[in-house]
A.B. asks: 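Just dropping this structure here.
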Amino acid sequence: DLYTAPMRTFKQVLAVAVGLVLLVVSMNVGTVLLSRAIDRHREFATRAALGATRRRIARLLMVESGVLALCGGLMAVLVTMAGVRGIAGLTPVEVPPWMRIVVDWRAGLFLAGIALTAGLAASLLPAAHAASPHLQDALKEGARGSSEGHRSRQLRDWLVVGEVAVALALLVGAGLLLQTLTRLQRVDPGIDIRRALTFRVELGWAAYGTREKITAFHDEVLRRLRALPGVQGVTFDTNLALSGKPRDPRALRLPGQGRDEEGRNPYVHV
């Protein structure tokens with residue numbers, strides 16, 4: 001929580017965006033499954049005429065959708081594992097343990113649950129259509145022009161409208177995000193950062209365990225960097241500007257104050 005709390009809002013916004021994409025995909029799959037169920041209406045009518053109940057027909061469609069969703073979830077797990085490994089391979093340094101992102105069994109179960117839920121949700125409309133009480137109409141001539149077919153077309157039209165609406169919301173959100181990033185690039189930070197290079201140096205305590213060794217390292221780095229052609233100035237700092245929350249706070253201590261009085265003084269960041 002200490003390291004990831006500043007990212008919580010960003011992760012929540014990202015989760016909402018991913019959820020909207022999942023909704024678009026589920027509606028798209030639902031539309032395809034509904035169209036397929038309409039094309040199989042005569043098959044379902046034949047099954048019903050042979051004694052199949054509406055529940056069994058709906059269960060058949062839900063099982064087919066569940067298998068489809070699990071296949072998609074398995075593919076998602078494989079793509080996710082490959083993507084995480086690829087991103088980790090692009091990292092040029094060894095990251096600390098709390099930053100390592102892995103696809104463990106919890107992530108796998110979560111993906112499987114999401115895939116199964118999305119598949120079942122996408123199969124609800126086709127299952128309801130296949131289990132409708134008008135199956136016998138499909139065995140008659142002109143069933144495609146019946147009111148049942150008209151209602152199915154209306155349902156598909158509404159699904160398409162919903163897809164377009166959610167996709168439009170995603171597009172607007174992406175445009176606003178890009179506009180925000182563009183404006184952030186133009187913000188004046190108040191300091192001149194042109195022709196300036198900054199980097200962090202982390203010293204291992206095993207090799208630099210004393211203040212003398214740390215001071216000698218700093219002096220040697222300053223000497224070598226100042227000797228490079230084109231370098232105008234080099235310095236060390238404990239808290240780089242605009243790098244986040246300052247560290248190493250110290251309490252102000254006035255002459256003659258005791259520890260109780262010192263504890264009520266304001267803190268400053270060195």
Side-chain angles (χ1 to χ4, degrees), residues 1-40 43 56-130 155-156 159-178 180-181:
D1 290 341
L2 177 64
Y3 289 104
T4 60
M7 299 288 292
R8 185 170 292 120
T9 301
F10 169 76
K11 290 186 293 184
Q12 291 173 350
V13 173
L14 185 62
V16 171
V18 173
L20 290 176
V21 174
L22 179 63
L23 180 60
V24 171
V25 174
S26 299
M27 295 173 68
N28 193 12
V29 174
T31 303
V32 174
L33 292 179
L34 179 60
S35 300
R36 188 166 177 265
I38 294 174
D39 293 336
R40 297 172 63 188
E43 171 196 340
R56 293 195 64 179
I57 295 175
R59 188 187 308 163
L60 170 66
L61 284 175
M62 297 185 73
V63 169
E64 292 177 355
S65 301
V67 173
L68 178 64
L70 288 179
C71 292
L74 179 60
M75 183 65 66
V77 171
L78 297 177
V79 172
T80 301
M81 294 177 63
V84 169
R85 291 180 180 178
I87 294 175
L90 296 176
T91 306
V93 296
E94 183 71 19
V95 297
W98 60 268
M99 284 185 60
R100 289 177 184 158
I101 303 175
V102 296
V103 183
D104 55 8
W105 63 270
R106 292 171 295 183
L109 288 179
F110 179 78
L111 283 174
I114 289 293
L116 188 59
T117 302
L120 292 178
S123 67
L124 290 179
L125 289 177
H129 180 273
L155 185 58
R156 280 185 292 179
L159 285 174
V160 173
V161 171
E163 285 185 69
V164 174
V166 178
L168 183 60
L170 280 174
L171 182 62
V172 172
L176 292 176
L177 178 61
L178 290 176
T180 300
L181 293 177

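For clarity, every value in this text was computed on a predicted model and none was experimentally measured.
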A.B. asks: Ignoring hydrogens, what is the shortest heavy-atom contact between A122 and V29? Give both atom names and the distance.
C.D. replies: CB-CG1, 4.2 Å
A.B. asks: Provide the closest heavy-atom pair for A118 versus L22 in the form atom of the first, atom of the second, distance.
C.D. replies: CB-CD1, 4.3 Å
A.B. asks: Which value, rounded to the nearest 0.5 Å, describes the distance between L111 atom CG and M81 atom CE?
C.D. replies: 11.0 Å
A.B. asks: Can you tell me how far CD1 of I57 sits from CG of L61, rounded to the nearest 0.5 angstrom?
C.D. replies: 8.5 Å
A.B. asks: Give, for atom CG of L33 and atom CG of N28, the distance between the pair rounded to the nearest 0.5 Å.
C.D. replies: 9.5 Å
A.B. asks: Just by distance, do the side chain of T117 and the backbone of I114 share a donor-acceptor pair under 3.5 Å?
C.D. replies: no
A.B. asks: Please give me the minimum heavy-atom distance between S65 and G119, naming the atom from each residue.
C.D. replies: CB-O, 3.6 Å
A.B. asks: Are any non-hydrogen side-chain atoms of L68 and E64 less than 4.5 angstrom apart?
C.D. replies: no
